[in-house]
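Just so it is clear, the model here is predicted, and its values are computed rather than measured. Atoms within each ligand, like the ligands themselves, are counted from 1 in listed order.
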Amino acid sequence: MRRVSDPAVRAIGEKLAAGARLDRADGLTLFRSGDLLGIGSLADAMNRARNGDVVTFASNQHINPTNVCVLRTTCTFCGYARLPKEEGAYRYTLDQVLAEAANAADGMTREFHIVGGLDMKAGLAYYEEMFRALKSNFPHVHIKALTAVEIAHVARIEKMSWRDVLVALKAAGLDTLPGGGAETFSAAVRDRIAGKKLAGADYIGVHRTAHELGIRSNCTMLYGHVETLEDRMEHLQMLRDLQDETDGFLAYIPLAYHPDDNALGRELGRQGTATSGTDDLKMLAVGRLFLDNFAHVKSHWIMVSQPISQLALHFGVNDLEGTVVREKIYHAVGAHTPQAMTLDGLIALIRGAGKQPAERDSFYRILRTFEAPAGEPVPA
Ligand code: V47
Ligand code: SF4
């Protein structure tokens with residue numbers, strides 16, 4: 001703990017070294033401390049103990065089948081959704097989904113990440129048909145699809161239980177759930193930025209049901225908008241509690257709020273001012289330290305930039321959102337980062353941090369590692 005200068009952070013380090021769990025007050029202390037490097041060194045130590053120097057990524061492909069969403073006017077942070085008759089609204093046919101998925105024919109893509117709006121015309125049959133067709137055309141590709149909010153929406157329009165929807169989608173080919181839709185669980189924050197969205201406790205409820213059915217999932221937190229530090233800790237506590245119960249979460253992914261091109265950003269007068277690098281790194285490090293029952297913490301480079309994601313590898317992160325072929329959701333809200341990263345680019349980024357890159361599957365099993373080029377390594 002040589003690099004820990006703040007005595008309060010050092011005390012937390014000693015607590016961890018003694019095998020104790022952090023509580024919410026410890027999380028607040030970390031968020032309030034200016035000792036960024038001290039916090040990073042604690043998170044790095046915890047990550048190394050679990051994952052060594054290996055940093056993984058998955059070769060995935062995003063498909064956003066519909067941007068039509070009944071919550072278009074109430075999720076004020078979202079710039080992606082459209083009302084059914086609004087300009088720019090779209091809903092893919094099955095052929096369009098398959099055409100987009102055809103990029104996977106090169107054999108590189110191992111995962112489809114499929115999320116979209118809450119569309120009254122995208123019910124159970126729409127997704128069952130889509131997953132069946134994707135599995136029959138691309139049997140080697142894992143289907144990570146539909147956030148808890150979308151599952152609850154399908155259940156509501158079909159008048160079915162969450163469980164029955166999940167059972168039917170699993171039979172059609174659904175493998176895991178992505179972590180979207182969590183936003184910030186606090187009721188006060190949700191009222192303000194996502195008034196009509198599935199409540200935080202129900203997001204947890206859908207994931208619990210999925211885990212009980214053997215469907216593992218990711219989880220997220222949208223940060224850097226109107227939430228307080230206490231709200232962040234409440235959110236992390238709810239995730240840790242469910243993980244204690246089910247061990248069904250694969251990874252935690254904090255998502256940095258982008259204020260451009262959405263109503264909330266205009267309301268807050270925040271156009272062009274995204275989260276700070278310090279806050280991005282703290283969110284990842286505190287997540288790693290508090291979520292001691294999670295194996296994987298992922299940084300989403302599209303949202304925080306490639307340089308911050310590279311630094312994040314020293315702040316508890318062991319996984320990077322991978323070679324994303326096409327991404328619409330963030331680029332609808334002002335993310336100016338490139339839309340895709342090549343395999344070579346990702347490997348260079350990881351090596352440049354002094355880490356070992358490895359491609360993984362959707363369950364974090366290592367598929368291949370990459371030997372460093374001969375000669376003196378050049379930091380990328
Ligand atoms: O739920 C929407 C977020 C999420 C904005 O599970 C915004 O592996 C920032 O959850 N600024 C969807 N974020 C994406 C998501 C995700 C991404 C990568 C990997 C995984 C995974 C999940 O995007 C939404 C919402 O929280 N979002 N608008 C915005 N203005
Ligand atoms: Fe719809 Fe999701 Fe956007 Fe909310 S965040 S408006 S639920 S697409």
Side-chain angles (χ1 to χ4, degrees), residues 56-58 60-62 64-84 86 89 111-120 122 142 144-153 175-185 189-190 193-198 200 203 207 210 216-225 227 235 249-266 268 270-271 273-275 280 283 296-304 309 319-322 324 327-335 337 360 362 364:
T56 50
F57 59 89
N60 68 4
Q61 192 181 320
H62 284 236
N64 307 128
T66 172
N67 66 353
V68 174
C69 187
V70 294
L71 299 189
R72 189 249 185 276
T73 51
T74 53
C75 288
T76 55
F77 60 88
C78 175
Y80 165 75
R82 295 287 179 272
L83 292 170
E86 204 175 332
E111 176 182 283
F112 292 129
H113 179 164
I114 306 171
V115 287
L118 310 184
D119 182 341
M120 294 306 286
H142 176 108
K144 178 174 80 183
L146 304 188
T147 65
V149 178
E150 290 170 276
I151 297 291
H153 170 76
D175 294 301
T176 55
L177 296 188
E183 321 319 351
T184 313
F185 292 150
V189 172
R190 249 178 153 68
I193 70 164
K196 299 229 165 94
K197 192 166 230 171
L198 187 73
Y203 173 99
H207 283 263
R216 303 198 68 185
S217 64
N218 287 340
C219 57
T220 58
M221 181 191 332
L222 185 68
Y223 69 95
H225 42 88
E227 85 287 1
H235 191 105
F249 284 129
L250 288 160
Y252 165 64
I253 313 144
L255 298 171
Y257 168 60
H258 271 245
D260 290 358
D261 305 320
N262 57 76
L264 181 63
R266 286 189 286 277
L268 299 175
R270 286 261 312 270
Q271 305 296 286
T273 48
T275 51
D280 295 332
M283 274 301 290
H296 308 292
V297 175
K298 172 151 88 172
S299 171
H300 194 356
W301 61 260
I302 290 181
M303 293 314 278
V304 296
S309 279
D319 189 59
L320 292 176
E321 181 70 7
V324 182
E327 225 293 342
K328 292 198 185 78
I329 294 182
Y330 294 127
H331 288 84
V333 291
T337 50
R360 63 165 175 85
S362 303
Y364 286 81

What do you reckon, are the aromatic ring centroids of His225 and Phe77 less than 6.0 Å apart?
no
Which ligand 1 atoms does Thr220 reach within 4.0 Å, using its non-hydrogen atoms?
10 (O)
Hey, is ligand 1 close enough to Gly179 that some N/O pair sits below 3.5 Å?
yes
Judged by atom type as modelled, is there a donor-acceptor pair below 3.5 Å linking the side chain of His235 to the main-chain atoms of Thr220?
yes
Can you list the ligand 1 atoms lying under 4.0 Å from a non-hydrogen atom of His300?
17 (C), 18 (C)
Taking all non-hydrogen atoms of both residues into account, name the closest pair between Ala251 and Tyr364 and its distance.
CB-OH, 3.3 Å
Aromatic ring pairing His62/His300, orientation class (parallel under 30°, perpendicular over 60°, tilted between):
parallel
Residue Phe77 vicinity, atoms of ligand 2 by number, heavy atom under 4.0 Å:
5 (S)
Nearest-0.5 Å distance, OG of residue Ser299 to CG of residue Leu255:
10.0 Å
Under 3.5 Å donor-acceptor, Thr56 side chain and Asp319 backbone
no
Give the atom numbers and elements of ligand 1 that come within less than 4.0 Å of a heavy atom of Pro178.
6 (O)
Lys197 to ligand 1: N or O pair under 3.5 Å?
no
Is the side chain of Glu150 donor-acceptor paired with the backbone N or O of Gly116 at a distance under 3.5 Å, no angle test?
yes
Atoms of ligand 1 less than 4.0 Å from His113 heavy atoms?
16 (C), 18 (C), 19 (C), 20 (C), 21 (C), 22 (C)
What atoms in ligand 2 come closer than 4.0 Å to a heavy atom of Ala81?
3 (Fe), 6 (S)
Distance-only N or O hit between ligand 1 and Asn218, under 3.5 Å:
yes
Near Met303 (heavy-atom distance under 4.0 Å), the atoms of ligand 1 are 9 (C), 11 (N), 13 (N)
What one should report as the nearest heavy-atom pair of Leu177 and Lys144 is C-CG, 4.0 Å
Residue Leu222 vicinity, atoms of ligand 1 by number, heavy atom under 4.0 Å
7 (C), 9 (C), 13 (N)
Distance-minimising heavy-atom pair for Thr66 and Tyr80
O-OH, 3.1 Å
Kindly give the heavy-atom pair with the smallest separation between Gln271 and Arg266, and that separation in Å.
NE2-N, 3.2 Å
Is a side-chain donor or acceptor of Asn64 paired with a backbone partner of Val115 at a separation under 3.5 angstrom?
yes
Mind listing the closest non-hydrogen atom pair of Gly181 and Arg190 along with its distance?
O-NH2, 3.1 Å
Identify the protein heavy atom lying closest to atom 4 (Fe) of ligand 2, giving its residue, its atom name and the separation to 0.1 Å.
Cys75 SG, 2.4 Å
Between Ala256 and ligand 1, which residue portion shows a heavy-atom distance shorter than 4.0 Å: side chain, backbone, both, or neither?
backbone
Non-hydrogen atoms of Leu71 versus ligand 2: any pair closer than 4.0 Å?
yes
Looking at ligand 1, does Gly79 have a heavy atom less than 4.0 Å from it?
no
Just heavy atoms, cut-off under 4.0 Å: does Asn262 contact ligand 1 by side chain, backbone, both, or neither?
side chain
Contacting atoms of ligand 2, where contact means under 4.0 angstrom from a heavy atom of Cys69
1 (Fe), 6 (S), 7 (S), 8 (S)
To check you understand the geometry: which heavy-atom pair defines the closest contact between Tyr203 and Gly180, and what is its length?
CE1-O, 3.3 Å
Residue and atom name of the nearest protein heavy atom (relative to atom 5 (S) of ligand 2), distance in Å to one decimal
Lys197 NZ, 3.3 Å
Have a look at ligand 1 and work out which part of Ile253, if any, has a heavy atom under 4.0 Å from it: side chain, backbone, both or neither.
side chain
Lys298: numbered ligand 1 atoms lying under 4.0 Å from its heavy atoms:
8 (O)
Among protein heavy atoms, which lies nearest atom 3 (Fe) of ligand 2, and at what distance?
Cys78 SG, 2.4 Å
